[in-house]
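Throughout, a chain's letter reflects where its sequence line sits, starting with A, and its residues are numbered from 1.
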Protein chains: 2
Amino acid sequence: MSETAPRPTLEAVAARAGVSRATVSRVVNGGDGVREPLVERVRRAVEELGYVPNQAARSLVTRRHDAIAVVVAEPETRVFADPFFALQLRGISKELTAHDNQLVLLLTEGRDDHARVGRYLAGGHVDGALVFSLHLDDPLPGLIQRAGIPTVFGGRPGWRDGTGEEVVYVDSDNRGGARDAVRHLVGLGRSRVAHITGALDQTSAVDRLEGFRDVVGDVDARLVVEGDFTPAGGERAMRELLDRCPDVDAVFAANDLTASGALRVLREHGRRVPDDVAVIGFDDMLPIAEQTDPPLTTIRQDIEEMGRLMARLLLKGSGDAMSGVVLPTTLVRRASA
Amino acid sequence: MSETAPRPTLEAVAARAGVSRATVSRVVNGGDGVREPLVERVRRAVEELGYVPNQAARSLVTRRHDAIAVVVAEPETRVFADPFFALQLRGISKELTAHDNQLVLLLTEGRDDHARVGRYLAGGHVDGALVFSLHLDDPLPGLIQRAGIPTVFGGRPGWRDGTGEEVVYVDSDNRGGARDAVRHLVGLGRSRVAHITGALDQTSAVDRLEGFRDVVGDVDARLVVEGDFTPAGGERAMRELLDRCPDVDAVFAANDLTASGALRVLREHGRRVPDDVAVIGFDDMLPIAEQTDPPLTTIRQDIEEMGRLMARLLLKGSGDAMSGVVLPTTLVRRASA
DNA sequence: TTGAAAGCGCTAACAG
DNA sequence: CTGTTAGCGCTTTCAA
């Protein structure tokens with residue numbers, strides 16, 4: 001990679017404006033305590049020279065970087081098969097941008113990467129980290145805690161650390177949303193409500209299952225079948241469901257992707273939705289929920305806002321000692337239930 | 001955000017190992033020209049102190065950052081509705097990681113952001129940039145060229161700069177792939193082959209249309225209808241197509257998403273695929289192509305590899321003065337054609 | 001209010 | 001081979 005052209009320094013600006021480096025520095029950083037005429041002169045010099053502060057030099061003394069890391073463990077392609085992650089990223093990006101922070105993206109796959117990420121985080125390159133720990137047994141969170149930098153998790157982490165330290169996270173009200181979904185189904189007069197779960201090594205899946213149980217009470221075990229948040233998983237689960245309980249009249253799918261798979265199988269088996277079987281999803285992933293046949297009734301979570309909030313908490317220092325923020329969900333009614 | 005704990009410096013390591021800072025520096029940076037026993041002593045000291053180099057200090061003198069920016073203009077949600085971008089990102093990330101580079105993600109929306117990105121890039125925070133310029137009239141590329149840092153574009157940029165400067169980009173062989181697709185359809189004995197285009201303000205869509213024309217020769221204008229790379233666009237276009245030419249017997253859709261929409265409409269109209277109408281897509285986006293009914297025959301492009309290659313070119317300095325690299329595509333045969 | 005001076009932690013000549 | 005030295009460009013006391 002070729003060298004970038006030499007850029008003007010604070011020194012150069014100072015010379016041009018006929019002031020000291022210190023004064024230029026003050027102006028560049030807000031200009032408090034500098035008399036107006038000087039401010040003006042410095043501003044002009046900055047303009048003329050096209051001066052941009054050298055971030056490395058600044059960080060060296062301030063020990064701040066105005067950058068945060070976003071860590072995503074993505075051992076599976078699933079992360080990429082739905083727009084979930086991208087939406088959070090967008091929310092994060094917006095918030096960071098608004099606060100002049102940069103986003104350093106750390107994608108990990110496998111063990112070696114964990115060490116690398118740990119080192120990077122501990123290396124003081126960034127002011128904080130936003131991490132998405134999808135799985136219950138993920139070693140990443142531990143590593144990051146050890147790195148000792150401010151961290152906010154996306155989704156409720158699956159572990160409880162014995163240390164009693166606060167774990168800051170942002171999550172959707174998965175359990176409450178699931179309850180709403182199932183209540184809706186029950187309100188429709190359905191009596192044999194099934195649940196296709198998500199991947200149960202993720203807290204979101206566990207929480208949604210809990211919500212389902214909250215409403216259904218003692219569940220006929222045959223009405224709960226494990227999925228994995230994918231359409232294929234949804235298909236498989238739906239087949240099994242139909243096989244076990246041909247009289248099932250409603251399905252709460254752990255997410256929209258799962259629901260789309262389930263819908264396909266129902267159609268294939270000649271069941272009419274919602275007449276024979278009502279189906280409800282979770283997420284309200286527009287490109288999916290609006291495109292299914294019939295359009296999907298689902299539980300909406302504001303994913304972009306989750307990202308935004310994570311960034312906001314991290315930047316604020318979350319000194320409020322709050323540990324988790326849970327965002328509400330809403331029922332979006334379309335045609336499938 | 002709270003301060004990170006004070007970390008050991010080179011000085012500290014030197015003291016502990018009983019050598020000079022320079023020696024420690026040498027060891028940390030590869031250890032060439034340092035006698036083994038010393039190397040060992042230094043290594044141990046580093047280990048014991050948990051020393052991690054201060055990147056800011058290092059950058060200050062080396063003027064390198066071991067970081068590159070990935071710039072994505074995403075005025076529309078479309079970027080997030082398909083996994084395309086995420087896959088490229090993954091390829092990029094892998095390659096950068098292998099070369100100990102960090103990935104700074106710059107998401108832009110709207111004009112103000114452009115200025116911000118321009119400033120950042122010009123500000124010498126990163127060693128280079130990877131840019132995804134989706135649209136023909138995007139002002140971003142210009143801005144970036146002006147920033148004067150090494151840049152590789154994802155997808156053939158829509159403009160030709162008069163400067164005669166080399167523009168480095170990585171793209172799929174959209175035109176060739178399109179030709180393969182249409183030839184396949186023709187080889188199936190289809191005689192009324194239609195094309196649903198992508199958003200024609202993107203070079204990929206234009207190139208695929210060209211490829212279509214290459215094979216079909218003088219096209220019946222009614223057989224080309226504009227889409228926008230979305231399922232909804234595909235539906236709309238397919239309806240129009242059926243309306244205009246009820247006897248259409250094959251469709252080349254600009255991408256898999258478009259094809260999925262077209263399939264839906266065909267089914268709705270009682271056309272059998274591929275018996276009545278053969279359908280072929282572009283991308284081979286697995287979660288889509290494998291889930292459609294019937295599974296989609298399509299043109300595969302190796303998206304992750306594109307990302308990887310972009311990163312490789314940037315890091316290599318692409319001093320080979322080559323301007324564009326075009327990756328081959330392959331036909332993936334499933335059931336729809 | 002402004003300026004002078006002292007580093008932040010590191011690398012890179014240059015000596016030895 | 002190893003150590004000494006001089007900065008990289010900036011912020012931040014401390015005086016003036």
Side-chain angles (χ1 to χ4, degrees), chain A residues 3-43 45-46 49-67 100 119-120 122-127, chain B residues 3-43 45-46 49-67 100 122-127:
Chain A
E3 294 302 309
T4 38
R7 300 189 295 112
T9 71
L10 207 59
E11 185 80 51
V13 177
R16 176 143 195 147
V19 298
S20 72
R21 286 183 356 236
T23 298
V24 178
S25 175
R26 288 180 188 116
V27 172
V28 169
N29 292 294
D32 318 321
V34 179
R35 236 187 286 273
E36 190 46 44
L38 273 200
V39 172
E40 199 39 52
R41 262 186 19 231
V42 172
R43 287 253 162 76
V46 165
L49 263 30
Y51 169 77
V52 186
N54 179 319
Q55 187 60 40
R58 179 179 277 175
S59 290
L60 185 53
V61 29
T62 61
R63 283 140 190 304
R64 297 186 57 260
H65 301 84
D66 296 320
D100 265 306
R119 229 178 310 123
Y120 184 78
H125 302 277
V126 291
D127 301 324
Chain B
E3 294 302 308
T4 37
R7 299 188 295 114
T9 72
L10 206 59
E11 184 80 51
V13 178
R16 175 142 198 149
V19 298
S20 73
R21 290 191 343 243
T23 297
V24 178
S25 176
R26 288 183 188 111
V27 172
V28 169
N29 293 294
D32 317 322
V34 178
R35 235 187 286 273
E36 190 47 45
L38 274 200
V39 172
E40 200 38 55
R41 276 215 328 263
V42 172
R43 287 252 162 77
V46 165
L49 263 31
Y51 169 76
V52 184
N54 179 320
Q55 186 61 38
R58 179 181 278 173
S59 291
L60 186 54
V61 30
T62 61
R63 281 138 193 303
R64 297 186 56 261
H65 300 84
D66 296 321
D100 265 309
H125 302 277
V126 291
D127 302 325

Starting from [atom2] on [N], measure out to [atom1] on [X] and report it in whole angstrom.
{"X": "A/Arg7", "N": "D/dG9", "atom1": "CZ", "atom2": "P", "value": "9 Å"}
{"X": "B/His65", "N": "D/dC8", "atom1": "NE2", "atom2": "P", "value": "16 Å"}
{"X": "A/Glu11", "N": "D/dC8", "atom1": "CD", "atom2": "P", "value": "9 Å"}
{"X": "B/Arg41", "N": "D/dC1", "atom1": "CZ", "atom2": "P", "value": "16 Å"}
{"X": "A/Leu10", "N": "D/dG7", "atom1": "CG", "atom2": "C1'", "value": "16 Å"}
{"X": "B/Leu60", "N": "C/dG7", "atom1": "CG", "atom2": "P", "value": "17 Å"}
{"X": "B/Arg63", "N": "C/dA12", "atom1": "CZ", "atom2": "P", "value": "12 Å"}
{"X": "A/His125", "N": "C/dC10", "atom1": "NE2", "atom2": "C1'", "value": "13 Å"}

Taking only side-chain N and O atoms of [X], does any of them lie within less than 4.0 angstrom of OP1 or OP2 on [N]?
{"X": "B/Thr23", "N": "D/dG3", "result": "yes"}
{"X": "B/Asn54", "N": "C/dC8", "result": "no"}
{"X": "A/Arg58", "N": "D/dT11", "result": "yes"}

Are B/Arg26 and B/Asp32 side-chain neighbours, meaning at least one heavy-atom pair lies under 4.5 Å?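 Side chain of B/Arg26 against side chain of B/Asp32, heavy atoms only: no contact under 4.5 Å found.
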Straight-line distance of [X] [atom1] to [Y] [atom2], nearest 0.5 Å:
{"X": "B/Glu40", "Y": "B/Arg35", "atom1": "CD", "atom2": "CZ", "answer": "15.5 Å"}
{"X": "A/Asn54", "Y": "A/Thr9", "atom1": "CG", "atom2": "OG1", "answer": "9.5 Å"}
{"X": "A/Leu60", "Y": "B/Gln55", "atom1": "CG", "atom2": "CD", "answer": "11.5 Å"}

Please pick, from [options], the nucleotide with the shortest atom-to-atom distance to any side-chain atom of [X].
{"X": "B/Thr9", "options": "C/dG9, C/dT11, C/dG3", "result": "C/dG9"}
{"X": "A/Ala22", "options": "D/dC1, C/dG3, C/dT11", "result": "C/dG3"}
{"X": "A/Ala57", "options": "D/dT11, C/dG9, D/dG9", "result": "D/dG9"}
{"X": "B/Val34", "options": "C/dT11, D/dT12, D/dT2", "result": "D/dT2"}

Indicate whether any N or O donor in one side chain lies under 3.5 Å from an N or O acceptor in the other, for B/Arg58 and B/Asn29.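 Yes, because at least one side-chain N or O of B/Arg58 sits under 3.5 Å from a partner of the opposite role on B/Asn29.
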Which is more 5' along DNA chain D, the nucleotide nearest B/Ser20 or the one nearest A/Val61? Just name the residue.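 Nearest-nucleotide comparison on DNA chain D picks B/Ser20.
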Hey, which sits more toward the 5' end of DNA chain C by its nearest nucleotide, A/Arg21 or A/Arg26? A/Arg26
